[in-house]
There are 2 protein chains.
Amino acid sequence: MAELLTKQMQNVLIIEDQHLMRTILVDELKTALTTCFVQGAANISQAIDMLETSQFDLVIIDPGLPGFDPRSQADRIAVVQMIVERSPNAIHFVITGSDTDEEWRAFQKLGVSAYLAKNFIRPGSMIEVLDDFANDGQSVRFSDEAPSPPEFVYSGLTPREQEIVNWMRQRPAGKSRREIYDELGHRFDIDADSAEKYYKRARAKLLKTGILPKGL
Amino acid sequence: MAELLTKQMQNVLIIEDQHLMRTILVDELKTALTTCFVQGAANISQAIDMLETSQFDLVIIDPGLPGFDPRSQADRIAVVQMIVERSPNAIHFVITGSDTDEEWRAFQKLGVSAYLAKNFIRPGSMIEVLDDFANDGQSVRFSDEAPSPPEFVYSGLTPREQEIVNWMRQRPAGKSRREIYDELGHRFDIDADSAEKYYKRARAKLLKTGILPKGL
DNA sequence: AAATGAAGGGACAGCGTTGTCCCTGTTGAC
DNA sequence: GTCAACAGGGACAACGCTGTCCCTTCATTT
């Protein structure tokens with residue numbers, strides 16, 4: 001299912017006024033869809049411009065745009081409606097900082113297929129959302145307060161090392177490192193030996209600079 | 001000035017409940033500070049935990065945390081106050097989705113050194129903020145509606161190619177490509193020839209897949 | 001005494017990106 | 001016609017990241 005989708009959704013538009021959020025959403029979409037072409041707009045006039053010059057398969061909207069009152073329900077709905085009307089052939093997702101049940105129902109009436117709390121989306125979860133949509137025709141993620149493990153980034157580590165360290169830090173008390181290596185090997189489709197190697201190298205780097213989180 | 005700062009600010013904590021925003025803030029800080037150790041917390045109890053176990057040089061706070069009402073001024077101030085009190089030796093920045101003048105004054109009284117609208121921060125601008133702080137002891141960036149060029153990302157391009165294409169797309173009408181190549185060469189400290197090469201390769205890739213923005 | 005888990009390394013091939021240099025054409029302007 | 005700008009390439013070295021394999025040392029366990 002999802003594979004089919006990723007083939008269809010080649011042209012994506014993301015409408016979001018916060019630059020960093022837009023940047024990372026563009027990035028998330030880029031990784032969620034194998035080959036694609038993602039564009040971003042920071043305000044509604046830019047968005048409308050782009051909708052007029054290009055065809056999009058998927059449009060992601062944050063209704064809290066400059067020039068509109070983010071607290072006014074009417075304004076938020078107006079923004080979404082304007083976009084939806086100008087891209088009748090696209091699928092529409094809404095991403096919002098403060099989600100409510102009523103708002104989702106209102107957007108649903110406008111033809112919106114997914115309603116996602118910013119609070120919920122985490123790195124990599126756009127894949128699940130697209131999967132949901134492929135299976136059910138919609139995807140809803142309300143705000144989520146489930147604790148996620150604290151981040152931890154040291155500028156000297158390579159991406160792989162970071163990843164492995166982050167997994168190792170969440171090791172439950174009873175588990176041996178070996179078991180984690182095996183898990184990681186399976187998860188990333190590499191040798192458990194390699195996972196071990198990366199962990200050791202990362203650990204060595206952290207030790208040398210004096211920064212070593214308590215979980216070793 | 002700023003070089004001195006980057007040496008001092010090795011331990012950074014970012015308190016922000018939106019996972020994507022936190023992730024990219026961690027990343028931005030990592031690139032703004034040459035060698036550093038950035039950690040992220042998604043809620044206040046996690047943050048307080050981390051403040052108790054580690055010493056931080058810089059703490060960045062989004063006052064809109066789960067468990068508090070983001071509309072209540074009292075709640076927002078309480079969050080910041082709680083954090084500031086628990087990290088008396090750190091420098092504090094506040095990042096917010098909806099900024100007001102009064103709020104900045106209130107935070108200032110608590111000892112906060114910078115007040116930044118999410119709307120303003122863009123990729124790479126944490127460097128300027130740190131610079132501001134190094135020079136003036138503070139940095140304030142209210143919400144900004146200045147149009148920024150629309151993003152454009154194609155999954156097949158390498159980072160360098162992306163970068164060069166994005167610069168080229170903003171080429172003013174009168175400027176020749178050659179001039180841009182020279183500028184880019186100077187900016188990235190590479191040969192103008194190399195910049196030309198990257199642009200051409202990127203362009204070829206985009207042509208092959210049929211996606212070519214109008215600016216060529 | 002032997003086995004196991006863990007820390008800390010070295011050697012090496014493969015791969016993609018980076019960056020430099022150099023080569024052909026085509027087009028439009030002077 | 002000549003020259004510059006531009007499109008579209010190829011060859012190549014350097015570098016870092018990835019991933020595999022193999023090594024030693026040391027403490028704990030059995």
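Order of the sequence lines fixes the chain letters, A, B, ..., with proteins taken first and strands second; residue numbering starts at 1 for each chain. Keep in mind that this is a model prediction, so the values were computed, not measured.
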If you compare every side-chain N and O of [X] against the phosphate oxygens of [N] (OP1, OP2), does one of them come in below 4.0 Å?
X: A/R177; N: C/dA7; result: yes
X: A/Y198; N: D/dG19; result: yes
X: B/R178; N: D/dA4; result: no
X: A/S194; N: D/dT20; result: yes
X: B/R201; N: D/dG9; result: no

Letter per nucleotide, 5' to 3', of nucleotides 21-27 of chain C [B base touched, S only sugar-phosphate touched, - untouched; heavy atoms, 4.0 Å]: S------
Residue among A/V38, A/I24, A/I61 satisfying side-chain contact (heavy atoms from CB on, under 4.5 Å) with A/I14: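 Looking at A/V38, A/I24, A/I61, the match for A/I14 under the side-chain contact (heavy atoms from CB on, under 4.5 Å) is A/V38.
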Side chains of B/T158 and B/R201, donor plus acceptor under 3.5 Å: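 Short answer, no.
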Residues A/R171 and A/S176: side-chain donor-acceptor under 3.5 angstrom: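 No, no side-chain donor-acceptor pair sits under 3.5 Å.
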Proximity to the side chain of [X] - top-ranked nucleotide from [options]:
X: B/A204; options: C/dA7, C/dG9, D/dG9; result: D/dG9
X: B/Y199; options: C/dT18, D/dA7, D/dG9; result: D/dA7
X: B/T158; options: C/dT17, C/dG8, D/dG8; result: C/dT17
X: B/S176; options: C/dA6, D/dC6, C/dG19; result: D/dC6

Touch class at under 4.0 angstrom, heavy-atom based, for B/L207 against every strand present: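 The answer is sugar-phosphate, as B/L207 gets under 4.0 Å only of primed atoms, P, OP1 or OP2.
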Cation over ring face, A/R76 and A/F107, 6.0 Å, 45°: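 No, a cation-pi geometry is absent between A/R76 and A/F107.
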So, [X] side chain and [Y] main chain: donor-acceptor pair closer than 3.5 Å or not?
X: B/D191; Y: B/S194; result: no
X: B/S155; Y: A/C36; result: yes
X: A/R86; Y: A/I48; result: no

Parallel, tilted or perpendicular: ring planes of A/Y181 versus A/Y199, cut at 30 and 60 degrees: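 Plane angle between 30° and 60°, so tilted.
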Distance, rounded to the nearest Å, where B/E163 contributes CD and C/dT18 contributes C1':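 Whole-Å distance recorded here is 12 Å.
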Nearest-angstrom distance from the residue atom NZ of B/K205 to P of D/dG9: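 Computing the B/K205:NZ to D/dG9:P distance gives 13 Å.
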Contiguous Watson-Crick or G-U pair runs (3 or more, under 3.5 Å) in DNA chain C: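 Stem segments, range with range: C:1-30 with D:1-30.
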Proximity to DNA chain C (any heavy atom under 4.0 Å), residues of residues 179-190 of chain A only: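 Hits under 4.0 Å, by residue number: none.
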Gap between atom CD of B/Q138 and atom CZ of B/F133 - 0.5 Å precision: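 B/F133 CZ to B/Q138 CD: 9.5 Å, rounded to 0.5 Å.
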